[in-house]
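Below is one structure, written out as structure tokens; comments come after it.
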Amino acid sequence: MVRERTVFHVDVNSAYLSWEAVWRLQHGSTLDLRTIPSVVGGDAESRHGIVLTKSIPAKKFGIQTGEVLWQARQKCPNLVVVPPNYSLYMMCHQALLDLLHDFSPNVQVFSIDEAFIEYTGSESVQGDAVAAAYRLKDRIRNELGFTVNVGVGPNKLLAKMAGEFSKPDKVHTCWPEEIASKMWPLPVGELFGVGRATTPKLQRLNIMTIGDLANAPDEMLARHLKSYGALLKASAQGQEFSDVGPDFRPPMKGIGNSSTIPFDCDTLQEAKLVLLSLTEMVCMRLRQTGLCARLVSVSIRNSSMNGRGHQHRMDAATDNTFRIYETACRLFGEMWQGPSEKIRNFGVRVSDLSLADFMQMSILQPYDERKKRLDDTLDRIRFRYGTQSVQRAAFLASGIAPVMGGVPEENFPVMSNIV
DNA sequence: TCTGGGGTCCTAGGACCC
DNA sequence: TCTGGGGTCCTAGGACCC
């Protein structure tokens, strides 16, 4: 049967852990991490000790993604914890992408381990959609060594929901006539868009399953969830109309980096170094994409895990590290209570972006050619020799990294265009 | 024993203008 | 003698995703 529209969703099973397992097997290990209770976890010493990905056996112990490692170990004393290796994951991501592009010209990357494929119109060449989904799944397993789930449906939402039905190494469909039997019995929290905060809200309204949500009165949803209620109800009914395609990527809205530092910061001097370090990374990425920003936001989280943020709209867009750093410092100064408040996490983010080519000259902040040259020089050195190859003198013996935050080698837009 | 990092979108209240 | 109302911008905060 040929459908009006057919979309695939491909999702790597326990991505980081699978990739780690495959790499180890290929490098002489006899132990397959996927077959034992194991997790990829951050470094507890530097206060990054959470579960990033769990194996299926680990899941059976009740271990959850995002959980702190010591809690996970309490649930499973024999838990094997391995550190993350992001460059390996980027390579695996690329390998998967290459294979998907070989399978179809219409691939939309959704995250490091997920992608959509528009299969509409491919039946005449590749045959029945479900059979093709099985071929794709098996080919990934045989050629790359890790398993995926492939969800098949009439739109991106249902394809994605289908991919979740059971794991690993599975193909599932969720066609319109299957929504009631396959999707509606699931707990409402399983629906894309229903998270930690909305689940209890819906449960209080006696909405326990996706089916309950699909049949809930509009007026009640609007009263408790505003416009989000109608969106979620439409999702529960399987309605979603966005396109698949690399061209459909929404333009980038902002660039930010944040970091939990290994110690609690309680001096202005240290705080400013952390802010500079983050600003270096943010601005490097900003200049790399040829953009300038007008809005600077700083966020902090203190030792009690309470967080807040401040933002400032500058008179003119800039990509200059020093200007953005100065703004960030001022914002921090405005919201920090002083040494009594110990800060564990800092974030710097820029938004309200515009093309650097059309950067406005501001009368208040005259364009500073020397600052621009310094930025360009540092960028070139760091691009060639690595981010740690040059550093500002203030960082020497500070114990604070001169450039902080990850550089995503690829931009992963969230499905903001869903609906 | 201690809780990551990268994003996007929506809402609400106050300021300000006409 | 009485105190409108709509629109937009700015800022903070919360929700969601992987």
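Here is the naming used below: chain letters follow the sequence lines, and residue numbers restart at 1 for every chain.
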Problem - Dot-bracket line, read 5' to 3' along DNA chain B, where crossing pairs take [ ] and | marks a partner on another strand, Watson-Crick or G-U under 3.5 Å - result: ....||||||||||||||
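With sequence neighbours excluded, the residues satisfying salt bridge (charged side-chain N to carboxylate O under 4.0 Å, His left out) with A:Lys371 are A:Asp368.
OP1 or OP2 of B:dG6 lies within a sub-4.0 Å distance of a side-chain N or O belonging to A:Asn257. Between B:dT3 and A:Thr260, no contact under 4.0 Å exists linking OP1 or OP2 to a side-chain N or O. Regarding contacts with the backbone of B:dT3, every side-chain N or O of A:His48 stays at 4.0 angstrom or more from both OP1 and OP2. The phosphate of B:dT8 has OP1 or OP2 within less than 4.0 Å of a side-chain N or O from A:Arg349. Under 4.0 angstrom from either OP1 or OP2 of B:dG5 there lies at least one side-chain N or O belonging to A:Ser259.
Base orientation of B:dC2: syn, the glycosidic angle falling within 90° of 0.
Of the residues in residues 195-206 of chain A, those placing a heavy atom less than 4.0 Å from an atom of DNA chain C are A:Gly195, A:Arg196, A:Ala197, A:Thr198, in numerical order.
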Run the side-chain donor-acceptor check on residues 197-204 of chain A: report pairs under 3.5 Å with partners two or more places apart or on a different chain.
unit_1   : atom_1 : unit_2   : atom_2 : d
A:Thr199 : OG1    : A:Gly195 : O      : 2.6

Pull out every protein N or O sitting under 3.5 Å from an N or O of nucleotides 12-17 of chain B, one pair per line with the distance.
unit_1 : atom_1 : unit_2   : atom_2 : d
B:dA12 : OP1    : A:Lys226 : NZ     : 3.3

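Pairs of residues two or more places apart, or lying in two chains, never qualify as ring-ring contact (aromatic ring centres under 6.0 Å, His included) while including a residue from residues 38-84 of chain A.
Toward the 5′ end of DNA chain B lies the nearest nucleotide of A:Ile255, the other residue of the pair A:Ser227 and A:Ile255 mapping further downstream.
Between the CG atom of A:Asp218 and the NZ atom of A:Lys233 there is a distance of 3.5 Å, given to the nearest 0.5 Å.
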